[in-house]
**Student:** 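My questions will all concern the structure given below.
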Amino acid sequence: MSITPFQALACPLDGKPLSWSDSVWRCSDGHSFDIAKQGYVNLLPVQQKRSHDPGDSKAMVAARQRFLGAGHYQPIAEAVSNAVLSHAEVQAVGNPPFSCLDAGCGEGYYLRQLADAATNTQPLSLMGLDISKWAVLAAAKQDNKQAPLSSWVVGSNAHLPVQTETLDCVLCMFGFPVLSEFARVLRTGGVLLQVEAGPNHLRELREVIYPTLKPERSTETEVLEGFTHHSSERVSYSLALNGSDAIADLLAMTPHLYRASAEGRARAAALEMLSVTVDVRVVICTKI
């Protein structure tokens with residue numbers, strides 16, 4: 001199985017193609033971006049930042065790394081990998097590698113799982129992007145510097161530093177989709193795969209930290225402009241968390257950490273055991 005880092009990057013300042021040489025990405029206008037010693041490149045210019053240190057904090061990234069590394073979301077990773085690889089296999093032998101971007105890659109768990117699941121399929125070309133430098137740093141540190149599986153990039157979904165119509169697949173895992181950008185970078189017939197929280201996702205944790213739960217949103221599949229719905233799959237199972245550390249890591253890697261009151265966080269911190277429902281939808285759409 002051949003896995004290579006995705007190379008069709010674009011300058012975040014002028015959108016022109018970037019070329020790689022001597023550990024530097026450069027565009028024809030002379031803008032240059034150094035590859036850090038850990039193996040990632042920062043393509044998030046200051047004018048695209050809404051804060052000094054956007055995205056997940058170092059502590060949140062560490063919590064996610066521990067939680068995902070324990071295998072708690074392995075069934076989700078398997079469903080995503082199977083879906084991506086089934087699309088990759090459709091491409092005839094001899095075609096360019098099947099290119100896939102994880103838009104909001106965090107510390108790279110899902111791309112690593114995809115690489116591990118790939119065996120005799122079409123060659124893959126991978127890229128992980130996140131607005132959090134701490135997430136991308138953690139992802140790059142876990143990669144093999146001699147044979148990296150992905151291009152690791154600090155960047156924004158709102159301004160993807162990717163050349164137009166160069167991707168076969170975009171993953172958006174519990175993230176912030178920017179459909180206009182996803183449509184721009186995908187080839188016609190390319191796949192957008194979104195993992196979305198279902199109505200019962202982490203319900204038991206939410207019942208602990210909130211006084212009442214909001215009414216659930218409709219589970220009907222949205223019609224996305226520029227895309228057509230291909231398929232949907234539900235992944236649902238019960239997860240037993242033993243120990244306050246695992247519960248704290250789960251809370252820390254979700255938006256609920258900031259949405260909950262101090263009292264709600266204290267109730268969660270007092271728990272030594274929690275059985276929670278994992279309930280997500282894997283929704284696949286095709287670019288028209």
Side-chain angles (χ1 to χ4, degrees), residues 1-10 17-26 33 35-41 43 68-69 73-74 76-130 135-155 160-173 182 184-193 195 230 282 284 286-287:
M1 178 63 202
S2 173
I3 300 176
T4 55
F6 179 75
Q7 299 288 299
L9 302 182
L18 290 173
S19 59
W20 178 85
S21 177
D22 298 326
S23 297
V24 178
W25 288 95
R26 291 186 176 89
F33 307 89
I35 298 175
K37 64 180 180 180
Q38 295 88 355
Y40 71 93
V41 61
L43 298 181
L68 295 176
Y73 277 7
Q74 182 71 27
I76 300 175
E78 290 176 357
V80 170
S81 295
N82 290 339
V84 172
L85 295 176
S86 68
H87 285 277
E89 288 171 357
V90 172
Q91 291 195 180
V93 175
N95 278 356
F98 187 86
S99 52
C100 181
L101 162 69
D102 187 349
C105 65
E107 47 71 67
Y109 172 75
Y110 293 102
L111 281 185
R112 290 193 301 275
Q113 292 293 308
L114 173 61
D116 288 345
T119 51
N120 298 316
T121 60
Q122 173 78 2
L124 300 180
S125 175
L126 304 179
M127 173 179 171
L129 174 141
D130 204 286
V136 176
L137 175 62
K141 279 184 172 180
Q142 296 175 81
D143 214 343
N144 183 335
K145 297 300 180 292
Q146 280 66 49
L149 67 87
S150 175
S151 289
W152 300 110
V153 177
V154 179
L160 290 173
V162 174
Q163 296 173 33
T164 298
E165 295 186 357
T166 54
L167 285 164
D168 297 301
C169 180
V170 171
L171 307 181
C172 188
M173 311 288 299
F182 292 171
R184 179 184 66 80
V185 298
L186 280 168
R187 297 186 176 99
T188 300
V191 173
L192 170 59
L193 188 155
V195 171
H230 178 277
V282 181
I284 300 175
T286 304
K287 180 184 171 182

**Student:** Working to the nearest 0.5 Å, report the span between CG of Leu111 and CE of Met173.
**Tutor:** 9.5 Å
**Student:** Is the shortest heavy-atom distance from the side chain of Ile284 to the side chain of His87 under 4.5 Å?
**Tutor:** yes
**Student:** For the residue pair Ala115 and Leu149, what are the closest heavy atoms and their distance?
**Tutor:** CB-CD2, 4.2 Å
**Student:** With no hydrogens and no angle check, is any side-chain donor or acceptor of Arg112 less than 3.5 Å from a backbone partner on Gln142?
**Tutor:** no
**Student:** Roughly how far, to the nearest 0.5 Å, is the CG atom of Leu43 from the CG atom of Leu129?
**Tutor:** 8.0 Å
**Student:** So do the side chains of Leu101 and Leu160 get within less than 4.5 Å of each other, counting heavy atoms only?
**Tutor:** yes
**Student:** Would you call Phe182 and Cys172 a side-chain contact if the rule is heavy atoms closer than 4.5 Å?
**Tutor:** yes
**Student:** Name the residue from Val24, Leu18, Leu9 that meets the side-chain contact (heavy atoms from CB on, under 4.5 Å) definition with Phe33.
**Tutor:** Leu18
**Student:** Do Ser151 side-chain atoms and Phe6 backbone N/O form a donor-acceptor pair below 3.5 Å?
**Tutor:** yes
**Student:** Using modelled atom types only, decide if a donor and an acceptor are shared between the side chain of Ser150 and the backbone of Gly128 within a distance under 3.5 Å.
**Tutor:** yes
**Student:** Got Asp168 and Val191 here, is their nearest side-chain heavy-atom distance under 4.5 Å?
**Tutor:** no
**Student:** For the pair Asp130 (side chain) and Gly106 (backbone), establish whether a donor and an acceptor sit closer than 3.5 Å, ignoring hydrogens and angles.
**Tutor:** yes
**Student:** Show your reasoning for whether side-chain contact (heavy atoms from CB on, under 4.5 Å) applies to Cys169 and Phe98.
**Tutor:** CA-CA 8 Å; Cys169 180; Phe98 187 86; 3.6 Å; yes
**Student:** Do Leu171 and Cys100 have side chains that get closer than 4.5 Å, going by heavy atoms?
**Tutor:** yes
**Student:** Could you check if a side-chain atom of Gln38 sits within less than 4.5 angstrom of a side-chain atom of Asp143, using non-hydrogen atoms only?
**Tutor:** no
**Student:** Do you know which of Lys287, Arg187, Arg184 makes salt bridge (Lys or Arg N to Asp or Glu O under 4.0 Å) with Glu165?
**Tutor:** Lys287
**Student:** How many angstroms lie between CG in Leu137 and OH in Tyr40, if you round to the nearest 0.5 Å?
**Tutor:** 5.5 Å
**Student:** Measuring from atom OG of Ser81 to atom CD of Gln74, what distance do you get when rounded to the nearest 0.5 angstrom?
**Tutor:** 8.0 Å
**Student:** Would you say that Pro161 contacts Val153 through its side chain, given a criterion of any heavy-atom pair below 4.5 Å between the two side chains?
**Tutor:** yes
**Student:** Ignoring hydrogens and geometry, is there a side-chain-to-backbone donor-acceptor pair from Thr166 to Leu186 under 3.5 Å?
**Tutor:** no
**Student:** Which one of Trp152, Trp20, Trp25 satisfies the side-chain contact (heavy atoms from CB on, under 4.5 Å) criterion with Val41?
**Tutor:** Trp25
**Student:** Please evaluate residues Asp102 and Met127 with respect to the criterion side-chain contact (heavy atoms from CB on, under 4.5 Å), reporting the C-alpha separation (whole Å), side-chain torsions for both, the decisive distance (0.1 Å), and the verdict.
**Tutor:** CA-CA 6 Å; Asp102 187 349; Met127 173 179 171; over 6 Å; no
**Student:** With side-chain contact (heavy atoms from CB on, under 4.5 Å) as the test, would you mind laying out the steps for Val84 and Leu193 before giving the verdict?
**Tutor:** CA-CA 8 Å; Val84 172; Leu193 188 155; 4.2 Å; yes
**Student:** Indicate whether the side chain of Arg26 and that of Ser19 have a donor and an acceptor atom separated by less than 3.5 Å.
**Tutor:** no
**Student:** Taking atom types as modelled, find out whether Glu78 and Tyr73 have a side-chain donor-acceptor pair closer than 3.5 angstrom.
**Tutor:** no
**Student:** The test is side-chain contact (heavy atoms from CB on, under 4.5 Å); show your working for Leu114 and Val80 and say whether it passes.
**Tutor:** CA-CA 8 Å; Leu114 173 61; Val80 170; over 6 Å; no
